[in-house]
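In what follows, a single structure is set out as structure tokens and then discussed.
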Amino acid sequence: MRKRSLALLLMCAVLALAASQKKLPKPGWNLFSKQQDIDLGREYAKQVEKQMYVVPNKELTDYVNRVGMRLVRQGQLEDYPYYFKVVQEDSINAFALPGGPMYIHTGLIKAAENEAQLAGVLAHELSHVVLRHGTHQATKSQFLQLGAILMSGAAGRGGGLTGPLAQLGIGLGANSYLLSFSRGMESEADLLGSYTMAKAGYNPIELARFFEKLEAQKGGQNSLVARFLSDHPTPGNRIQAIEDQLPYMPRGPFDAQAGDLKQAQAIVAKLAPRQKSAHSDGPDQVGSAPSTPPQTSPASQSAVEMPVINLSGRLKTYQSGEVTFSYPEEWQVGTGSDQSLTITDSGGKVGDAIGYGILLYRVPAQNGRIQLARETASYLKGLASSNPNVRTESDPVELTAGGSPSLITRLTSASPYRQQRETDIVLTIDRGTEMLVFIFVSPSAQLQVLEQSFKKISQSVRFSS
Ligand code: ZN
């Protein structure tokens, strides 16, 4: 009798334990294809690497890739084109973009007490990738508009997805759908992450310990951990939740002291300090309102709100001297000089600046004859030096305008409208002894409205001599 009740008790205990084993999470509803996750991650990775300093140390990069790929392979994570890079940032953080690219702050490498703790944060981030939390979240919040963008095959036209998505607020901005997650998603990433660690031979308890350490430092207003905890809001009992699952995970032997973390920390300690940039806290700091695209420099502080731009698509003709081109019928040719001209409407004028429209300049050759590539470069350099917010988005592309050799270059800069960036498409045309420069100006958020017109205008340029 005594024996039987003991067996019963044991059975109940086993059942109770079994009941509390959590099912490993699976990706949720998503309008993006897996390939679109990958494409999107690649595009955003380019932006990240413009904004943050990727440490060019092979030993360090190899090390984080070793740890990361051990988790991917032995942890049996689904295959994505994962890669791991170290960015020089003091805050304790790491973030993964959809489809695999991961960036690890030097602050995290410094703060980890052993390789398992570093691996734990990586496993947590990898879980966000595998569970496709970024695009799942974007899908849930913006599915109506997203459907149209994804179905139109925006990515297939070579235009990239980030432009159209930025207009829905799906970028790397603060509270981005792609990088800041809900508490439910955090629980899922902790769960899959700790199982992944255990399978890969890292003691999952170290992830709980690392979180514990961050939580303890939070009270001290430690700004270096604040970012991590705001991107990964604690589901409350995250440490307990991991500990509860330990009985169901592969068991060691785990060797917390194994690995080359100490060497990696020595490399990090020797890095020369870098100038603090405005965005030193990660890509999340860049960009502001959800309606602005991902930004490479601060948005405008202007008080003027961006108007909604409407164009019928109908054009009228401008002709002066030897040059003829079409421009939107809603716009007016301003009183410019022979050397420069502005075409816009009342909404496009913001004080002395142009928020959208066409600027036309004539630039005389430096040495009698235009050398287009060189003089375009020096013109753009001049533009950039007069406005520190100018960023070149693309290398010059060769084409012809009105039969003359031309280059087209895409820039971004601060818009005169509040909290906006602007895109400037610069067309430079070789006219022998002078260079004709068209600058097509648009708030980046409304480039879609204007880009077709800009294209038509540049194709309409004719020279009578
Ligand atoms: Zn997270």
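Read the numbers this way: they start at 1 and go in the same order the structure lists the ligands and their atoms. Because the structure is predicted, anything quoted here is derived from the model rather than measured.
- Results of the side-chain contact (heavy atoms from CB on, under 4.5 Å) test with Ser194 over Glu206, Met249, Arg238 single out Met249 as the only residue that passes.
- Side chain of Thr344 to backbone of Tyr356: a donor-acceptor contact under 3.5 angstrom is found.
- His105 places a side-chain N or O within donor-acceptor distance of the main-chain N or O of Ser91, the cut-off being under 3.5 Å.
- Look at Glu186 and the Zn ion (ligand 1): an N/O/S atom of the residue is under 2.8 Å from the metal.
- Taking the six-membered ring for Trp and thresholds of 30 and 60 degrees, Phe84 and Tyr82 have nearly parallel ring planes, at less than 30 degrees apart.
- The Zn ion (ligand 1) has no N, O or S atom of His133 closer than 2.8 Å.
- Rounded to 10°, the angle formed at the Zn ion (ligand 1) by NE2 of His128 and NE2 of His124 is 100°.
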